[in-house]
Trainee: 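Structure in structure tokens, see below.
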Amino acid sequence: MKVIARVLAQLVDLFASIAIFVFSYMVVNPVIINFGLGVTVSAAFTLVFVFILIAIVQYFFMMEGQTLGKAFFGLKMVSTDPQRPLDTTILFQREVFLKFFSCYLICIPVLFGRQGGHEVATDTSVVWRRNA
């Protein structure tokens, strides 16, 4: 059951990111274009805005050891290394640099109930929030 919740949580995070992306390019990008900066520059500014907005949305959940999707499904990330407490830097590294950029390669073990590469690299694990 936890595997299904983890996959669905990842999909919620993905859909939230896509929604921010679409909103930014439909609403923010035309506003920036109206400043006369050109299409390429406005697209670059909008892309930076997308990443900043996603980071802001997820940051508040990461302070609780979660992401938007994990909070929705009652999951929480915990540290498996007692010498290394869980902080937002580790969570950001886990969620953005390891999972987001190479999820299809390192998240496959999660589908079989094992730790993914993003968990091994950051010494983290996902548990039910009520058990944390």
Trainee: Do V22 and F15 belong together in a cluster built from hydrophobic side chains that touch within less than 4.5 Å?
Mentor: yes

Trainee: Are Y59 and I52 connected, step by step, through hydrophobic side chains (Ile, Leu, Val, Met, Phe, Trp, Tyr) whose heavy atoms are closer than 4.5 Å?
Mentor: yes

Trainee: Heavy atoms, side chains only, cut-off 4.5 Å: are V12 and L8 in contact?
Mentor: no

Trainee: Tell me whether S42 contacts the main-chain N or O of I32 through its side chain, where contact means a donor paired with an acceptor under 3.5 Å.
Mentor: no

Trainee: Are V48 and Y25 connected, step by step, through hydrophobic side chains (Ile, Leu, Val, Met, Phe, Trp, Tyr) whose heavy atoms are closer than 4.5 Å?
Mentor: no

Trainee: Is there side-chain contact between T67 and M77, with heavy atoms separated by less than 4.5 Å?
Mentor: yes

Trainee: To the nearest 0.5 Å, what is the distance between CZ on F72 and CG on L11?
Mentor: 12.0 Å

Trainee: Less than 4.5 Å apart, any side-chain heavy atom of L47 and any of F21?
Mentor: yes

Trainee: Is V41 reachable from F51 through a run of hydrophobic residues whose side-chain heavy atoms are each under 4.5 Å from the next?
Mentor: yes

Trainee: Taking the ring of F49 and the ring of F45, is the distance between their centroids below 6.0 Å?
Mentor: no

Trainee: Would you name the heavy atoms of R84 and S79 that are closest together and state the gap between them?
Mentor: O-OG, 2.7 Å

Trainee: With a 4.5 Å limit on heavy-atom distance, are the side chains of Q66 and L75 in contact?
Mentor: no

Trainee: If two hydrophobic side chains count as joined below 4.5 Å and joins carry through other members, does I33 share a cluster with F35?
Mentor: no

Trainee: Looking at every heavy atom in both G69 and D13, which two are closest together, and how far apart are they?
Mentor: N-OD1, 2.6 Å

Trainee: Using modelled atom types and a 3.5 Å cut-off, is there a donor and acceptor pairing between side-chain atoms of N29 and backbone atoms of T46?
Mentor: no

Trainee: To the closest 0.5 Å, what do you measure between CD1 (I54) and CG (L68)?
Mentor: 11.0 Å

